[in-house]
Amino acid sequence: MPELPEVETCRRGITPHIVNHTVKEVVVRNANMRWPITDTIDDIQGQVIDSVTRRAKYLLLKTHKGTLLLHLGMSGTLRVIPEHTEVSKHDHFDLVFDNGLTLRLNDPRRFGAVLWLTGDVYQHPLLASQGPEPLSEQFDGQYLYEKSRNKTVAIKTFIMNNHIVVGVGNIYANESLFQAGINPKKAAGKISKKRFIDLAKRIKKVLQQAIEQGGTTLKDFTQADGRPGYFAQSLMVYGRKDQPCFLCETPLKEIKQGGRATTFCPRCQKN
DNA sequence: ATAGCAACCTGAGGGC
DNA sequence: TGCCCTCAGGTTGCTA
């Protein structure tokens with residue numbers, strides 16, 4: 001489910017329920033996530049959550065003693081629920097708080113991660129190598145233009161590369177390229193500065209709008225309170241293979257790039 | 001350095 | 001009904 005807008009929606013949803021509250025208990029039902037959840041996780045017990053922030057698609061729950069890093073992978077969801085709520089399949093991890101609420105991670109595919117880190121988390125290899133946030137001032141067309149010179153990689157692959165910019169997953173890569181009218185196969189190094197300036201704006205806008213609408217619910221994404229996101233109805237190309245382009249009626253094409261489906265309009269995104 | 005691709009894992013859906 | 005195949009919001013870490 002989660003690209004940046006979904007993770008950000010999640011962050012906003014859980015924050016008011018857990019910030020300034022104390023972790024009463026930690027429950028690990030299945031430690032076999034992307035990396036094993038280690039026993040050091042118990043150190044969060046008794047800690048107060050000072051803040052919930054996001055870096056790339058990671059959520060950072062900061063406490064005095066350390067930081068809990070959460071990643072939702074492909075299929076993870078976080079819910080805030082009353083303590084003692086019945087456990088469902090794939091409910092792998094709980095933080096039980098002193099206010100009667102529980103933060104519960106459900107993740108069928110277990111590509112997500114739960115890591116307890118001490119020290120400067122931003123120095124951790126997972127975060128240290130990440131590119132700029134797409135919604136920051138640091139990220140703009142000039143930046144993309146400079147980064148892309150002499151690169152033969154396809155533009156779609158380029159903007160999905162976390163070393164270039166974080167948080168742009170498959171849905172929003174497809175959508176922003178459609179909005180910018182850029183062919184996903186075009187070599188990044190052959191795109192003009194002018195087009196990159198437009199593309200960067202489109203990326204920001206599409207992410208911002210998706211956040212405002214609570215993210216994209218495809219099949220299983222829900223906000224922290226269980227409600228779906230509403231951006232799916234705004235999708236112009238993602239998941240619309242063979243359906244008519246909303247602008248020109250041409251049937252949308254689907255190709256594979258780096259193992260991921262790319263949907264685009266062969267007419268509106270000719271070059 | 002860079003690009004392509006398999007790997008991690010479960011579930012849904014399609015074809016037969 | 002069941003089996004087999006493909007595909008899915010992500011990211012790491014191999015191989016050339």
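The chains referred to below are lettered A, B, ... by the order of the sequence lines, with proteins before strands, and numbering in each begins at 1.
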Expressed as a whole number of angstroms, how long is the span from [X]:[atom1] to [N]:[atom2]?
{"X": "A:M74", "N": "B:dA12", "atom1": "CE", "atom2": "P", "value": "15 Å"}
{"X": "A:R240", "N": "C:dA8", "atom1": "CZ", "atom2": "P", "value": "17 Å"}
{"X": "A:R260", "N": "B:dA7", "atom1": "CZ", "atom2": "C1'", "value": "14 Å"}
{"X": "A:N161", "N": "B:dG4", "atom1": "CG", "atom2": "P", "value": "12 Å"}
{"X": "A:L59", "N": "C:dG10", "atom1": "CG", "atom2": "P", "value": "15 Å"}
{"X": "A:L235", "N": "C:dA8", "atom1": "CG", "atom2": "P", "value": "15 Å"}
{"X": "A:L69", "N": "C:dT12", "atom1": "CG", "atom2": "P", "value": "11 Å"}
{"X": "A:H92", "N": "B:dC9", "atom1": "NE2", "atom2": "P", "value": "12 Å"}

Suppose we call a contact any N or O donor and acceptor under 3.5 Å apart; does that hold for the side chain of A:R109 and the base of C:dA8?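 Per atom types, the contact qualifies.
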Would the distance check show the side chain of [X] and the main-chain N or O of [Y] forming a donor-acceptor pair, the cut-off being under 3.5 Å?
{"X": "A:N174", "Y": "A:T263", "value": "yes"}
{"X": "A:Q208", "Y": "A:K204", "value": "no"}
{"X": "A:Q47", "Y": "A:K65", "value": "yes"}

Mapping A:A261 and A:H163 to their closest nucleotides on DNA chain C, which lands nearer the 5' end?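 Result of the comparison: A:A261.
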Name the nucleic acid region contacted by [X], choosing base, sugar-phosphate or nothing; use a 4.0 angstrom heavy-atom cut-off, strictly under.
{"X": "A:T152", "answer": "sugar-phosphate"}
{"X": "A:N32", "answer": "nothing"}
{"X": "A:F231", "answer": "nothing"}
{"X": "A:K89", "answer": "sugar-phosphate"}

Just compare C:dA8, C:dG10, B:dG11 and give me whichever is closest to any side-chain atom of A:R34. C:dG10
Taking C:dG10, B:dA3, C:dT12 as options, the one with an atom nearest any side-chain atom of A:H71 is C:dG10
Scanning all shown strands, the Watson-Crick or wobble mate of C:dC7 with both distances under 3.5 Å is B:dG11
Using a 5.5 Å cut-off between ring centres and planes within 30 degrees, is A:F111 stacked on the base of C:dT11? no
If we take the [atom1] atom in both [N] and [M], what is their distance in whole Å?
{"N": "B:dC5", "M": "C:dC7", "atom1": "P", "value": "14 Å"}
{"N": "B:dA6", "M": "C:dT6", "atom1": "P", "value": "12 Å"}
{"N": "C:dC5", "M": "B:dA7", "atom1": "P", "value": "15 Å"}

OP1 or OP2 of [N] sitting under 4.0 Å from any side-chain N/O of [X]?
{"X": "A:R110", "N": "B:dT10", "result": "yes"}
{"X": "A:S75", "N": "B:dG11", "result": "no"}
{"X": "A:N162", "N": "C:dT11", "result": "yes"}
{"X": "A:K256", "N": "C:dA8", "result": "yes"}
{"X": "A:H90", "N": "B:dG11", "result": "yes"}

Among A:N161, A:N183, A:T262, the one residue meeting side-chain hydrogen bond (donor to acceptor under 3.5 Å, both in side chains) with A:K156: A:T262
Pair A:H21 and A:F97, ring centroids less than 6.0 Å apart: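 So the answer is no for these two rings.
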Whether the A:Q213 and A:Q209 side chains hold a donor-acceptor pair (N or O, under 3.5 Å, no angle test) is what I'd like checked. no
